[in-house]
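Reviewing the structure listed below.
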Amino acid sequence: MISFIYIVLSTAMFFLQDTYFKIGGVDFSLKNPCALAILLLALLNFIATVRLGRFMVLARHAVVQMLPYLIPLFFSSVIWLTSAADAITIANGLGMIVPQLLSVCVAAATLYLFGEKGIWYCLGSMCAANFLLIASVIAEGGFSAFMEEFRTLLVTFTAESGPLMMMLEVNDLTFAFGPFLIYLLLNRKKTPHFFFWLIVVTFLFMAGLKRIAIPAVLLGVFVAFLLQKMPQKAARQTALCLSVGMMLVSFLYIAGIRMGLFEYLEAKLGINTMGRVNMFENLAPYYDVNFTFMGRGTGFERYVDWASGTIFQNPQRTIMQIHNDFMRMYLNIGFVGYWVWLIGYLVVRIRYWFLRAGQMAGCTFFAICIYCFVLYATDNTIYYPYTMIACALVPMSCNLDALAEAELDKRTVHWGKQRNGESQ
C-alpha cells in the first residue's frame, strides 16, 4: 500500500513540473504539494516503524546534501537584512531556496520508506511520468511522426528538432536522468535488471536530448571509474585535488567572462554563442570580480530580462535566465559567499561521502559533482528540483542498508553501556 501511494504521488510530482500557482505574486509549482505529501507519508511511516538506524544515517546525509543550499540562504539573508529588502524580494529568494531543501527531504523520505530500493521506486516514477508525457505527445502528433522526429533528433544531434521533440524538451526531467545513468554505469554488478534500466533510462535521456548532458555524464563516469581503481585514501585525495581545480576553473570562467571571453569567441573564432555576448553585457553593471562584491541576494536574476536588459519591479519567472549557474551564484551571494559555497559543495561533501559512506559512494558522488559542474557552465540546472532530487538520492542510497544497520548496532551498544553504568 505504501509503495502504491508513493508511486502515485511521485509520478504526479514529476509530471506536474510546469503547473504553477501564485502566492504573494510569486509563482510556485503544483509539484510542491505532491512533494510535501511524500514527506507526510514518510513521517507517518516513521511514527509506525521507527527505523532508528536508517533515520539517523539519512538525517546526517540530508544535512550534508543541504549544505550548498543553506550557504546561499545564509549569505542572501545577510544581503536582504543589510539592504532592507522588501517582502517580495525575500519571498522570491526563499521561493528558490526552499524547493532545493525540499528536494533533499524528498530524497531522504524516499530512502527512509524503502531503504536502498528507494532509488528504483523514484527512478520508476520518473520514468512513468516521462512516458506519460511521451504518450500525450504521440496522441497529438502520431507515432510515426514521433519516431521520425526522434530519429532526426539523434542523427543531427539536436541540430534539427521537430515540434513533437520540442514538446518533450523538459529540461529538468532530462537532466535528472543523468545522475541515475551515472549510478547505473558505475554500479552494474549491484543493479537488479541492469539492462532493462539502462535501456529505459538511456531512451528517456535521449528523448529530451541535451547535448551538454552527454559529455557531462561520460566525463563523470570516466573520472569515477579511475578513482574506483585506486585505494580508498588515494581516491579521496585525488578527488579533493580535482575539486580544487574545479573550483579554480569555475572562478576563472567568471573572471574570463568579465574580461570579454565570449566576445573573443564570437569575434575572433567565429563561434556562435547564441546570444550570450549580449546577455553578459546586460549582466556587467550588476557585479564586479573583487573581494568587496557582496552579491545581490538569491533570486535577483528574476528582476532583469537578460536578453534585453529590461528591469522589472516584481520577479518574473518567464524571462530569459542567466545560462551560467556559476555566474548566477556569484551574482547572488558575492565573492566570499561564492568561495564558501564552492568549499561546502565540493570539499566538505567529498570528504564526507568517502569517509562516512565508503569509496563507492564517494566516487559516485564525485561523478555527479562533475556532471553538475559541466551543466552549470552553460545552463540553469542549479535550481531544477528533479535534478536535485536525483543528485541527492543517488549517493544517499549507496550502502544505505549496511550503514543503517551499523549505526543501529553502534547506538545499541552505546545505550547498553549507559544503562549498565546507571545500574551500577
Side-chain angles (χ1 to χ4, degrees), residues 1-49 55 58-59 62-63 65-66 69-70 72-73 87-88 90-114 118-136 170-177 179-180 298-299 302 314-318 321 380-393 396:
M1 186 63 178
I2 291 177
S3 58
F4 174 77
I5 296 172
Y6 172 84
I7 289 172
V8 171
L9 289 173
S10 57
T11 301
M13 178 184 67
F14 289 124
F15 188 73
L16 294 173
Q17 175 177 242
D18 294 321
T19 308
Y20 290 88
F21 62 96
K22 285 184 178 290
I23 296 179
V26 179
D27 287 319
F28 293 91
S29 174
L30 195 58
K31 63 180 176 287
N32 292 326
C34 297
L36 292 173
I38 292 173
L39 298 189
L40 177 60
L41 180 65
L43 176 60
L44 294 175
N45 187 260
F46 171 76
I47 294 172
T49 62
F55 172 80
L58 287 172
V63 171
Q65 289 299 90
M66 286 179 180
Y69 316 134
L70 294 173
L73 175 61
I88 291 179
I90 297 173
N92 174 54
L94 292 176
M96 298 180 73
I97 294 174
V98 170
Q100 292 181 310
L101 302 175
L102 181 61
S103 295
V104 178
C105 291
V106 168
T110 299
L111 293 173
Y112 180 81
L113 288 169
F114 307 110
I119 188 173
W120 310 119
Y121 282 92
C122 182
L123 180 56
S125 299
M126 190 184 298
C127 292
N130 214 326
F131 276 120
L132 286 174
L133 180 60
I134 290 174
S136 66
V170 182
N171 294 348
D172 196 358
L173 271 178
T174 299
F175 287 128
F177 283 113
F180 289 107
T298 297
R302 286 182 171 178
N314 292 314
Q316 308 292 312
R317 180 180 55 82
T318 57
Q321 297 291 320
N380 306 303
T381 54
I382 202 166
Y383 291 109
Y384 285 173
Y386 301 156
T387 304
M388 287 182 285
I389 290 174
C391 290
L393 187 144
M396 288 168 70

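Computed over heavy atoms, backbone and side chain alike; hydrogens, waters and symmetry mates excluded.
Under the rule for a side chain to side chain donor-acceptor pair (under 3.5 Å), Gln100 has no partner lying at least two apart in sequence or in another chain. The side-chain contact (heavy atoms from CB on, under 4.5 Å) test applied to Ile90 returns Trp80, Ala85, Leu94, not counting sequence neighbours. Remark: Ser103 engages Pro385, Met388, Ile389 in a side-chain contact (heavy atoms from CB on, under 4.5 Å) (not counting sequence neighbours). Shown here are the ring-ring contact (aromatic ring centres under 6.0 Å, His included) partners of Phe14, two or more places apart in sequence or in another chain: Tyr386.
Between Met66 and Leu101, the shortest heavy-atom distance links the atoms CE-O, 3.7 Å. Among all heavy-atom pairs drawn from Met13 and Cys34, the shortest one is CB-CB, 3.7 Å. The minimum heavy-atom distance linking Pro315 with Ile88 is given by the pair CD-CG2, 3.5 Å. Residues Leu393 and Phe180 come closest through the heavy atom pair CD2-CE2, 4.2 Å.
The distance from atom CD1 of Ile97 to atom CG of Asn92, rounded to the nearest 0.5 Å, is 10.0 Å. The CG atom of Leu16 lies 10.5 Å from the OG1 atom of Thr11; values are rounded to the nearest 0.5 Å. Between atom CG of residue Leu43 and atom CG of residue Leu36 there is a gap of 12.0 Å, rounded to the nearest 0.5 Å. In this structure, Leu41 CG and Leu9 CG are separated by 6.5 Å, a value rounded to the nearest 0.5 Å.
Residues Leu44 and Leu40 form a side-chain contact, since some pair of their non-hydrogen atoms from C-beta on lies under 4.5 Å apart. Side chains of Leu173 and Tyr384 form no contact here, defined as non-hydrogen atoms less than 4.5 Å apart. Between Val98 and Leu73 the shortest side-chain heavy-atom distance does not fall below 4.5 Å. Between Phe114 and Cys122, every side-chain heavy-atom pair lies at or beyond the 4.5 Å cut-off.
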In a table with atom names and distances, give each donor-acceptor pair under 3.5 Å that connects a side chain of residues 104-113 to protein atoms at least two apart or in another chain.
{"from": "Thr110", "atom 1": "OG1", "to": "Tyr6", "atom 2": "OH", "distance (Å)": "2.8"}
{"from": "Thr110", "atom 1": "OG1", "to": "Val106", "atom 2": "O", "distance (Å)": "2.9"}
{"from": "Tyr112", "atom 1": "OH", "to": "Thr49", "atom 2": "OG1", "distance (Å)": "2.9"}
{"from": "Tyr112", "atom 1": "OH", "to": "Arg51", "atom 2": "N", "distance (Å)": "2.8"}

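Within the structure, side chain to side chain donor-acceptor pair (under 3.5 Å) contacts touching residues 121-136 (residues at least two apart or in different chains) are Ser10-Ser125.
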